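It should be emphasised that the depicted structure is a prediction, and the values quoted were computed from it without experimental measurement.
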Amino acid sequence: MYYLENIIMETIKIFISSPSDVKAEREVAKEVIEGLKVEFEEEIAFDVYLYEEHHQTANRGDFQAQIDHDLESSDIAIFIIWSRLGSSMSSYIGPLSGKKGVTGTE
């Protein structure tokens, strides 16, 4: 929470993830959130986490566990998908397909 002249301001955490084939759409999502920041600047603080702009680190666990943690700590999750579902996770067996090599998004 943030304090603005003795007023408690709620913070909404937004997680956005998208593969490289939807870069233009990702930019639109960022612009919409920037507009919301301006419109609600006195009532709500927006904490935006763009997955593509953050690097995963070895000391936080495996790749998927880090994403899961970031998702669990978010209030809103936005996934922008078109023709790609992200990078293959060759050592991970996916819950949907039951085979190796699925993506983290799947």
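- Side-chain contact check for Ile44 versus Lys37: every heavy-atom pair is 4.5 Å or farther apart.
- Linking ILVMFWY residues whenever their side-chain heavy atoms come closer than 4.5 Å, directly or via other members, leaves Leu36 and Val38 in distinct clusters.
- Distance CZ/Phe15 to CD1/Ile78: 10.5 Å, rounded to 0.5 Å.
- Asp21 and Ser83 share a donor-acceptor pair across their side chains, judged by distance under 3.5 Å alone.
- Rounded to the nearest 0.5 Å, atoms CD (Glu27) and NZ (Lys23) are 6.5 Å apart.
- Residues forming a side chain to side chain contact (heavy atoms under 4.5 Å, CB included) with Asp75 (at least two apart in sequence, or on another chain): Ile12, Lys13.
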Step-by-step side-chain contact (heavy atoms from CB on, under 4.5 Å) determination, Lys30 to Leu50: CA-CA 9 Å; Lys30 288 167 53 176; Leu50 290 138; 3.8 Å; yes
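- Note: Trp82 CH2 to Ser18 OG = 13.0 Å, rounded to the nearest 0.5 Å.
- Here the side chains of Phe79 and Leu71 are in contact, with some heavy-atom distance below 4.5 Å.
- Separating the CZ atom in Phe46 from the CD atom in Glu39 is a distance of 8.5 Å, to the nearest 0.5 Å.
- Taking each heavy atom of Val22 and Ile80 in turn, the nearest pair found is CG2-O, 3.5 Å.
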